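Residue numbers start at 1 and run along the sequence shown. Note that the structure is predicted; figures quoted are calculated from it, not measured.
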Amino acid sequence: QSGGGLVTLALPLDYKLERQYALSITASDGTRSDTAQVFVNVTDANTHRPVFQSSHYTVNINEDRPVGTTVVVISATDEDTGENSRITYFMEDSIPQFSIDPDSGAVTTQTELDYEDQVSYTLAITARDNGIPQKSDTTYLEILVNDVNDNAPQFLRDRYQGSVLEDVPAFTSVVQVSASDRDSGLNGRVFYTFLGGDDGDGDFIIESTSGIVRTLRRLDRENVPVYELRAFAVDKGVPALKTPA
């Protein structure tokens with residue numbers, strides 16, 4: 001009498017350990033028998049999800065880097081094979097300043113960055129495999145924008161004017177100038193100087209931190225009734241930027 005012989009699993013299979021089994025199966029009616037070779041091919045199932053090495057990454061980039069600069073390459077691994085292990089990367093939210101290559105995981109700039117506008121960005125990046133069903137992992141990339149000295153000091157007014165009596169003692173305050181700088185840290189710290197400008201042939205000094213212009217000696221209106229002074233606001237960046245007043 002003919003019948004079916006059902007081959008069942010005795011233990012779980014693992015594609016990475018054994019991809020094919022050769023079975024020798026014998027059919028017998030008690031008197032006669034026959035033997036057949038059965039080959040069982042093990043196919044890879046999408047049993048593993050992609051995994052990032054870290055749940056959070058932090059990188060720095062200078063604000064003056066050109067568009068198209070690679071900030072970092074984020075990668076995940078998948079222990080499956082074939083399409084089950086082929087990973088596609090994408091950002092969960094659209095952040096116009098950055099894009100990610102779906103195949104390599106390279107994060108690049110898409111627009112110019114400006115520290116004065118935004119000092120950091122947080123990107124949620126997902127790695128998804130191409131198995132059925134698809135599996136994924138998500139990590140967070142924090143991009144810190146470094147300030148560079150890209151802003152020169154700016155005086156609050158285009159022109160300053162002061163008056164003083166000719167018989168006032170030395171170091172009398174005449175006028176105060178003031179400038180600001182959009183940069184941060186030393187790049188945004190401003191001092192004032194007549195160096196490279198005009199101090200009225202040494203008749204005036206300017207305080208480097210306050211911007212107060214003072215007489216350095218007694219003045220004589222009959223000799224010089226009007227002075228056209230030229231001072232500079234200079235930041236402490238490298239290289240230093242300056243603006244005249």
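- In this structure, OG in S180 is found 10.0 Å from CZ in F155, a value given to the nearest 0.5 Å.
- N151 and D181 are not linked by any side-chain donor-acceptor pair at a separation below 3.5 angstrom, with hydrogens and angles left out of the test.
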Please step through side-chain contact (heavy atoms from CB on, under 4.5 Å) for the pair I206 and Y192, ending with a clear verdict.
-> CA-CA 7 Å; I206 187 169; Y192 306 92; 3.6 Å; yes

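- Without hydrogens or angle criteria, D101 side chain to S104 main chain gives a donor-acceptor distance under 3.5 Å.
- T35 and T26 are linked by a side-chain donor-acceptor pair at a separation below 3.5 angstrom, with hydrogens and angles left out of the test.
- For E166 and R218, the salt-bridge test fails: no basic side-chain N is under 4.0 Å from an acidic carboxylate O.
- Rounding to the nearest 0.5 angstrom, the gap separating the CG atom in D114 from the CD atom in E63 is 5.5 Å.
- Side-chain contact of T138 with T126: a donor-acceptor pair under 3.5 Å is present, judged by distance alone.
- Here the closest non-hydrogen pair linking E222 and D220 is OE1-OD1, 2.8 Å.
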Could you walk me through whether D117 and R182 pass salt bridge (charged side-chain N to carboxylate O under 4.0 Å, His left out), step by step?
-> CA-CA 10 Å; D117 290 338; R182 293 184 65 223; 3.7 Å; yes

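- Checking side-chain atoms of E207 against main-chain N and O of T209 turns up no donor-acceptor pair under 3.5 Å.
- Using a 4.5 Å heavy-atom threshold, the side chains of V59 and L141 count as touching.
- In this structure, R221 CZ and L165 CG are separated by 11.0 Å, a value rounded to the nearest 0.5 Å.
- The side-chain heavy atoms of Y57 and I74, taken from C-beta on, include a pair separated by under 4.5 Å.
- Residues L144 and T58 form a side-chain contact, since some pair of their non-hydrogen atoms from C-beta on lies under 4.5 Å apart.
- Under the 4.0 Å criterion applied to side-chain N and carboxylate O atoms, R19 and D14 are not assigned as salt-bridge partners.
- In this structure the side chain of R86 never reaches within 4.5 angstrom of the side chain of D78, judged on heavy atoms.
- The OG atom of S85 sits 10.5 Å away from atom NE2 of H48, with the distance rounded to the nearest 0.5 Å.
- Shortest non-hydrogen contact noted between D147 and E116 is OD1-OE2, 2.8 Å.
- In the displayed structure, F90 atom CZ is contacted under 6.0 Å by more than 12 heavy atoms of other residues, nucleotides or ligands.
- A heavy-atom distance below 4.5 Å is not found between the side chains of V42 and Q20.
- For the pair T109 (side chain) and G68 (backbone), a donor-acceptor distance under 3.5 Å is present.
- Salt-bridge formation is not detected for the pair D129/K135: no Lys NZ or Arg NE/NH1/NH2 atom is positioned less than 4.0 Å from an Asp or Glu carboxylate oxygen.
- Here CG of N130 is found 9.0 Å from CD1 of I87. Values are rounded to the nearest 0.5 Å.
- With contacts defined as side-chain heavy-atom distances shorter than 4.5 Å, the pair Q154/V190 does not qualify.
- Using modelled atom types, no side-chain atom of T172 and backbone atom of T215 make a donor-acceptor pair closer than 3.5 Å.
- Note on ring orientation: taking the six-membered ring where Trp is involved, the planes of F52 and Y89 are tilted (angle from 30° to 60°).
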Which donor-acceptor pairs under 3.5 Å do side chains of residues 224-245 form with protein atoms, sequence neighbours excluded?
residue: Y227; atom: OH; partner: D203; partner atom: OD2; Å: 2.5
residue: E228; atom: OE2; partner: R159; partner atom: NH2; Å: 3.2
residue: D235; atom: OD1; partner: N149; partner atom: ND2; Å: 3.1
residue: D235; atom: OD1; partner: G237; partner atom: N; Å: 3.2
residue: D235; atom: OD1; partner: L241; partner atom: N; Å: 2.9
residue: D235; atom: OD2; partner: N149; partner atom: ND2; Å: 3.2
residue: T243; atom: OG1; partner: P153; partner atom: O; Å: 2.4

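- Inter-residue side-chain proximity for I100 and I125 is flagged as met; some heavy-atom pair is nearer than 4.5 Å.
- One distance of note links CZ of F39 with CG of L23; it measures 9.0 Å at 0.5 Å rounding.
- L219 has its side chain within reach of V164: a pair of non-hydrogen atoms, C-beta onward, lies under 4.5 Å apart.
- Pairs passing the ring pair (Phe, Tyr, Trp, His ring centres under 6.0 Å) check and including a residue from residues 101-124, sequence neighbours excluded, read F98-Y121.
- Donor-acceptor pairing under 3.5 Å is lacking for the side chains of T122 and E142.
- With hydrogens and angles ignored, the 3.5 Å screen pairs no side-chain donor or acceptor of S208 with any backbone N or O of F191.
- Put simply, the side chain of S54 gets close to the backbone of H56: a donor and an acceptor are under 3.5 Å apart.
- Using modelled atom types, one finds a donor on one side chain and an acceptor on the other under 3.5 Å when comparing Q110 with S99.
- Taking a 6.0 Å sphere around CD of Q53, one finds it holds 12 or fewer heavy atoms contributed by other residues, nucleotides or ligands.
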